[in-house]
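Chain identifiers are assigned alphabetically (A, B, ...) following the order of the sequence lines, protein sequences preceding nucleic acid strands; residue numbering begins at 1 within each chain.
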Amino acid sequence: MLAPLAYGVVALSAVLCLVAVYYAFRDRLIDNLVVILSLLLEVGLVVQMGFGLAGVGRITDGAERATYIAYLVTLPLIPVGTAFLAIKEKSRWAMGSLAVGAFAVAVMSARLLQIWNASA
Amino acid sequence: MPEDAAAPRRRALGGPGVVLVVVYGVLALAATGRSVLQITEYFDRAPLAYLLSAFAAVVYIIATVSLALGGRWVRVGVVACTIELVGVLVVGAASYVVPEAFPDKTVWSHFGAGYGYVPLVLPVLGLWWFRRVDRAAHEPAGDATVTS
């Protein structure tokens, strides 16, 4: 797992979350900025999954390894799902769902980093 | 599940329901992935905990689908949320009273503390939302979709 990439993913998902919250308060729908941020986050998560799975042997604790692999594999599905819902839903709640998804990505990525650093 | 044309349309995916779908979806994904690995890799370590995790994951998937589809799935969603609420309360209490029965954590252990107590709050929100959807569908006039 590339730690700098993981920190970048956490930061990017935090930015996306803040932008989505701002948009929700301003009653704005999905636009190019949100799509680009979601795409960047998606690319980061897919690359992170590749590097993370390649280095899974470093985590020896079984329970932590289960969480680590599960989070790595499921994380890339979140931005895709929330962006799809945000396009489909034509109300401020679309941005609410995007914000919740981005927040979940930030928390789960931080947990990945915690597991990775603890196994060093 | 087929939609009965004569039945009132209960559309759950709309307004706050979208946010609930995302939260349920994330929990379903995380719980499913984790429980699959637990059961396939080291089931003997804590069979009860891992079976409960898998059961919780299935309940979350059903609740997510029910929220997304609405219609007749609303009833299924109410049952799923009720099972979920009972599960988190019973397993949460049991994990404090008989901790030796849970050598490894489940999503419902300690009332969902490992997931920021989201598993404890979520079924309450889900039941509240399904109730709103059901009420809106039985209103005499207007759109049955709950959007705010």
Side-chain angles (χ1 to χ4, degrees), chain A residues 13 17 20-21 24 27 29-30 38 45 49 52-53 56 59-112 114-115, chain B residues 11-46 49-50 53-54 57 60-61 64-65 67-70 102-107 109 114-118 121-122 125 129 143 145-148:
Chain A
S13 49
C17 181
V21 167
D27 212 1
L29 296 177
I30 192 165
S38 299
L45 289 171
M49 181 177 69
L53 290 176
V56 74
I59 298 154
T60 50
D61 181 272
E64 294 290 67
R65 194 168 65 234
T67 305
Y68 179 81
I69 297 172
Y71 281 13
L72 269 179
V73 174
T74 55
L75 270 170
L77 300 173
I78 297 173
V80 174
T82 51
F84 173 76
L85 285 173
I87 290 167
K88 201 176 171 196
E89 173 69 23
K90 303 295 180 198
S91 76
R92 69 173 58 196
W93 293 100
M95 288 299 117
S97 68
L98 209 68
V100 169
F103 180 73
V105 170
V107 171
M108 289 166 77
S109 298
R111 177 82 177 106
L112 282 179
Q114 186 188 31
I115 295 170
Chain B
R11 209 190 123 202
L13 184 60
V18 179
V19 180
L20 271 178
V21 168
V22 170
V23 179
Y24 264 107
V26 169
L27 213 52
L29 282 172
T32 304
R34 201 173 156 198
S35 64
V36 166
L37 286 164
Q38 286 170 333
I39 288 172
T40 54
E41 292 210 354
Y42 42 91
F43 180 68
D44 293 340
R45 195 162 128 184
Y50 298 156
S53 282
Y60 286 131
I61 291 170
T64 308
V65 171
L67 278 163
L69 296 181
F102 301 92
D104 206 351
K105 285 180 183 172
T106 80
V107 69
S109 295
Y115 288 80
Y117 295 100
V118 171
V121 178
L122 211 50
L125 290 175
W129 179 247
D143 190 354
T145 303
V146 179
T147 56
S148 61

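- Around the CZ atom of B:Phe43, the shell of radius 6.0 Å holds more than 12 heavy atoms that belong to other residues, nucleotides or ligands.
- Contact annotation for B:Tyr50: neither backbone nor side-chain heavy atoms come within less than 4.5 Å of a heavy atom of chain A.
- Applying the 6.0 Å contact sphere to CZ of A:Phe103 captures no more than 12 heavy atoms from other residues, nucleotides or ligands.
- The minimum heavy-atom distance linking A:Gly96 with B:Val19 is given by the pair C-CG2, 3.9 Å.
- Annotation for B:Ala30 and A:Met108: closest pair CB-CE, 4.3 Å, computed over non-hydrogen atoms.
- When all heavy atoms of B:Leu37 and A:Ala66 are compared, the pair lying nearest together is CD1-O, 3.3 Å.
- Contact between B:Arg34 and A:Ala70 at its shortest, heavy atoms only, is N-CB, 3.4 Å.
- A:Thr74 and B:Leu29 make their closest contact through CG2-O, 3.5 Å (heavy atoms, listed as atom of the first residue, atom of the second, distance).
- Residues B:Val22 and A:Ser97 approach most closely at CG2-CB, 3.5 Å, considering heavy atoms.
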